Amino acid sequence: MSECRTYRGRIAPTPSGQLHIGHARTFHIAHERARSAAGKLVLRIEDLDSARCKDEYSRQMMADLEWLGIRWDEGPDRCGAFGPYVQSLRIEHYLKAWKRLEEAGVIYPSPHSRKDVELALSAPHEGEGEPVFPVELRPATARRADAPSGMNWRFRVPDGESVRFVDECAGEQEFVAGKDFGDFLVWRKDGWPSYELAVVVDDAEMQISEVVRGADLLLSTARQLLLYKALGWTAPRFFHCPLVRDAEGRRLAKRSAGLSVAKLREEGFSSEKVLALANTRMG
Ligand code: GLU
């Protein structure tokens, strides 16, 4: 879907808290890349986690983005008309993709809880990432369904297959399905798609030619490339920015309030100083 054409980039914040300097840096890079390619930039609000996302955070983010000098060509306007670039308004697009995957026989309903997964794992899981979903919990036969109907659904990964791509920033990448990541969620039992499915559908339909985002999503890109392939769509290019860290070297999170754009603004920082601070904290 995304070969040829003019550059189309996007910024896709999750409105579950305030923007921190890491977001500022990534979104600034996305903005610069779109401008230097004389392309377009889309703002998309990723609000599928309804328990944590709030409209007031979306508004605050948009104000912070504008203060940082980041302008978007398509997406919500400042008057509160969030429109079609808000994930919670796009369920029918995600359902179509779910159907396509179901018909292709590459997804299956997965009733297992987090606890079942932990029990089925032979070694205790350590580290930041999700544990690899145990193949023993994968059903042997496919079951047809017309709707996701209150179930978790997972993508059956091709065990042992390498997913390779050349990242425009991080260089050559290789992840092995079934080893670096296992069968992953495409649909949640709360009635919404997973992050992986929603983002692929949106980036494809919004004709994004390059995805700029944080390096914490490199592994997700491997999963997403499998979804593009299964859906028969062409993937965009990827540019994963190095992560910004706090003074102790930890990854920034929404809880890193001291490094939020709003707080630094309040303290009298200029937008240039916020971006300069982010540049000194990469690792
Ligand atoms: N919404 C995600 C976040 O705020 C970004 C997803 C993406 O860029 O693909 O972390």
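All of these numbers come straight from a predicted model, not from anything done at the bench. Both counts, for ligands and for their atoms, begin at 1 and track the order of listing. Side-chain atoms are counted along with the backbone in the values below, which use heavy atoms only and exclude waters and symmetry mates.
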Original post:
Does Arg154 make a cation-pi contact with Phe184 (under 6.0 Å, within 45 degrees of the axis)?
Top reply: no
Original post:
Thinking salt bridges, do Asp183 and Arg156 make one under a 4.0 Å N-O criterion?
Top reply: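 Here Asp183 does not pair with Arg156 in a salt bridge, since their nearest N and O are not under 4.0 Å apart.
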Give the numbers and elements of all ligand 1 atoms closer than 4.0 Å to a heavy atom of [X].
X      : value
Glu46  : 1 (N), 2 (C), 5 (C), 6 (C)
Tyr195 : 6 (C), 7 (C), 9 (O)
Val199 : 9 (O)
Arg10  : 7 (C), 8 (O), 9 (O)

Original post:
Can you find an N or O of Ala12 that's nearer than 3.5 Å to an N or O of ligand 1?
Top reply: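 For ligand 1, there is an N or O atom that lies under 3.5 Å from one belonging to Ala12.
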**OP:** Report yes if His23 has an N/O atom closer than 3.5 Å to an N/O atom of ligand 1; otherwise report no.
**Re:** no
Original post:
Of all residues at least two apart in sequence or in a different chain, which pass the side-chain contact (heavy atoms from CB on, under 4.5 Å) check with Lys54?
Top reply: Glu56, Tyr57
Original post:
Which part of Gln87 is near ligand 1, with near meaning a heavy atom under 4.0 Å away: side chain, backbone, both or neither?
Top reply: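 No part of Gln87 is near ligand 1 at this cut-off.
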**OP:** Tell me which part of Thr14 gets within contact of ligand 1: side chain, backbone, both or neither, using heavy atoms under 4.0 Å.
**Re:** both
**OP:** Carefully, step by step, assess Glu46 and Arg10 under the rule salt bridge (Lys or Arg N to Asp or Glu O under 4.0 Å).
**Re:** CA-CA 12 Å; Glu46 302 208 325; Arg10 48 63 152 192; 5.1 Å; no
**OP:** Please identify each residue that fulfils side chain to side chain donor-acceptor pair (under 3.5 Å) with Gln60, with sequence neighbours left out.
**Re:** Asp64
Original post:
Is it true that atom CD of Glu136 has more than 12 heavy atoms of other residues, nucleotides or ligands lying nearer than 6.0 Å?
Top reply: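 Yes, because the 6.0 Å sphere around CD of Glu136 holds more than 12 heavy atoms from other groups.
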